[in-house]
Amino acid sequence: MLKALPFFTHDLKLLLSFMKIRTCVLVIIFLFAKCTAFSQEVTLIKIATKNNVLLLGVDEKTNLKQLYFGKNIPVGNYESLWSHSELNYSTYGNSAAEVALRVTHADGNMTTDLGYKKNTVTRINDNITLTTILLIDRFYPLEVTLTYKSYFNEDIIEQSMELVHNEKGLVTLYNFASANLSFKSSKYFLTYYSGDWAHEFNMIETALPEGTKTIDSKLGVRTNQRTNPSFLLSLGDKMQEDNGEVIGGTLAWPGNFQLLFEVDHTNKLSALAGMNPYASQYALPANTIFKAPSFLYTYSAVGSGEITRRFHRWARKYGIADGDGSRDILLNNWEATYFDFDEQKLTNIIREAGSMGFELFLLDDGWFGNKYPRNNDDAGLGDWQVNTKKLPHGIPYLVEQCKANNIKFGLWVEPEMVNPKSELYEKHPDWVITAPNRPLDPQRNQLILDLSNPAVQDFVYDFLDKLVKENPGISYLKWDCNRYITNAGSSYLGKDKQSHLFIEYPRAILKLMKKFRKKYPAITMMVCSGGGGRMDYGSMPYFQEYWPSDNTDALDRITIQWGLNYFFPAIGMASHVSVTPNHITGRSTPLKFRFDVAMTGKLGMDLQPQQMTGEEKIFSKTAIQTYKDLRDIVLQGDLYRLLSPYSTNRVAQMFVSEDQKRSLVFNYLLKKNIYADKTILKLKGLKPDALYTITEINKTNFSRMGAYEGKTFSGEYLMTAGLQFDMYNEYESNVLLLTTP
Ligand code: DGJ
């Protein structure tokens, strides 16, 4: 409406020279009436959750605009929002900035000009509403559908994009973001992740001045090894836990991703989220749907803590397999034996595991390969037949051993990979990802199977299917993935589609995961990628658990888990007690400290119980039982961060059950403080008027809880006056249980 005014003025001058004033007044009244009429007719599309609203509008030129995204307030006079509205899904040709969509049409035209056509709103159930918006190029037969699924109670919006055309020839897609959001604030602070193997999920906060900042992965596979497709954007000030405006977003996609933030000369921020366009131009035939992955986001007016709780609640309901269930306590043989095991060794471990109260035994890497036995990481990958030398009675024997000890049995697989030293590679050298005329480039002595090839997809599915069918006692699978793509090339895709690999591979892996999950819904699966290299909400719906890091050092895990917990919930977070000194860091920490850290997630152990002292076994057994009694608080509770490892040497966090009747408070001191750390611990998330009794759990013969043990305090007292107890020693920890009658 406002953009029509220049025409208005111009026309007015012309009119004045030809008409009498009276006539002009009449014309002015007529035009004004038309403008008013227009403003009443504009299309407004409201995508709302309990606390958020994304308000889109269609202007007089049929451009789709973002009018508002933020707190769900009754938007009264939306007229005022038009003046600073922004194009909602920008295209090359209409913008001089980074764009959501750039394609080359079949005739070579590089611009796209989308006009709004229609929208639909479907109430899927009491909680979920689906809004679709159809945009059509004003000249070419090319359609873009934006979809918005809003999860009312969890305050999450899931946005995606689909493109289809009917041009005479291929349309090549160069940029294909899932979402494009705009923000206006005095300052912007972006928090994102950095890392590497055994060092995942380090949080970095940076101011966003004018210019462009990109967070992306170009690894193709294991794409989250160095960063994650998740971010937090704080408006106005640095991010705070319980105050301030924060937007949290994450892309549900295991492939290359790009999160791009561009602050322009007017200090407006445009954020794009989607598959990474890097080396990925995609030639799309007519009448074929190109689907972008989902981007999930939420806005909080009360800091990042609320962002976390929303994502966790959403994930438990929609984002992770069996998110409303429980989890088994697992003993993994990886750090206990690595590749060096036989039936006898495993049988002993299983017996010990049963007697200590474990619920599941996981046999890790090294159980397969005969011509090329998997005795280390340089051979056998791809040859998924049981190694008859190590396990002469096969998997069924181990399953029997587990049954006899009242625990379940799980197995490790790495379906997408192959060692050059394997029968599979001998038979199908053309099945690996590699560029022609380049030497093979193994990482960890392995190559990646080319999943863009349907024959390879079938091979992977069939071997998993056969493994589970022939061994009905397998109740758990750990799906590993230990390298990323270099020398990208596919002998299947052909010379015109080489740049499709980074898109077809993740599509294929998701298809496989989905197919397998559908056929075997009862199997528990852990997603692992040499640690947290595949942690995204594209994969997560097919898995109950994720392995955040190969680094099991409790001290390092505090920071790793702290970081990933912003988006991913404790119910999936496999957190294992391992031996000391730790195999990766060489650090020694007390067993209690290791348990107190591991119990903030899905508890497990990665050690040889036979090597534990009697005292250690007793402590572990008791802690395992305690975890069983209280695990629902961690697995299903709300997480509140109290003291961050990024600001102090004292770290604390707590989980509060949904009914706010029980809570577990975890405290750690990371460095010795000879004067005592006296930080007051103000609790959160409790019912102010409820009375909570404090009990310390995982106790050794020594406690600092004298003033609190067995005593009762109101929620208000605990959240206002807080708890104060001194902590002195490096790796000292304590866990408090709060219960109401
Ligand atoms: C990497 C995983 O992260 C480890 O836990 C273990 O499964 C090894 N792979 C086995 O090769």
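All ligand and atom numbering here is 1-based and tracks the order in the structure. Quick caveat, the model's predicted, so the values are computed rather than measured. We use all heavy atoms of the structure for the numbers below, so side chains are in, but hydrogens, waters and symmetry mates are not.
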Can you list the atoms of ligand 1 that are under 4.0 Å from a heavy atom of [X]?
X	value
Cys528	2 (C), 3 (O)
Gly531	3 (O)
Asp365	10 (C), 11 (O)

Please determine if [X] and [Y] form a salt bridge, counting it only when a charged side-chain N lies under 4.0 Å from a carboxylate O.
X	Y	value
Asp324	Lys317	no
Lys602	Glu545	yes
Glu615	Lys621	no

Of the backbone atoms (N, CA, C, O) and the side-chain heavy atoms from C-beta on, which set of Asn482 has a member under 4.0 Å from an atom of ligand 1: side chain, backbone, both, or neither?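 Side chain only.
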
Is ligand 1 under 4.0 Å from a heavy atom in the side chain of Arg444, in the backbone, in both, or in neither? side chain

Are any of the N/O atoms in Asp550 less than 3.5 Å from those in ligand 1?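 So ligand 1 has an N or O lying under 3.5 Å from an N or O of Asp550.
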
What I want to know is whether Trp412 and ligand 1 share at least one N or O pair that is separated by under 3.5 angstrom.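 It does: an N or O of Trp412 is found under 3.5 Å from an N or O of ligand 1.
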
May I ask you to check whether Trp334 and Phe339 place their ring centres under 6.0 Å from each other? yes

Ring centroids only, cut at 6.0 angstrom: are Phe459 and Trp431 within range, meaning strictly under it?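 Between Phe459 and Trp431, the centre distance is under 6.0 Å.
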
Take the angle between the ring planes of Phe593 and Tyr731 and call it parallel below 30°, perpendicular above 60°, tilted in between. tilted

Measure the acute angle between the ring planes of Phe567 and Tyr193, then classify it against the limits of 30° and 60° as parallel, tilted or perpendicular. perpendicular

Please list the nearest protein heavy atom to [atom] with its residue and the distance rounded to 0.1 Å.
atom	result
atom 1 (C) of ligand 1	Asp480 OD2, 3.0 Å
atom 6 (C) of ligand 1	Asp364 OD1, 3.4 Å
atom 5 (O) of ligand 1	Lys478 NZ, 2.7 Å

Crowded around Lys514 NZ? As in, over 12 foreign heavy atoms under 6.0 Å?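 At most 12 heavy atoms, drawn from other residues, nucleotides or ligands, come within 6.0 Å of this atom.
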
Has Glu414 got any heavy atom lying under 4.0 angstrom from an atom of ligand 1?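 Per 4.0 Å heavy-atom rule, Glu414 does not contact ligand 1.
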
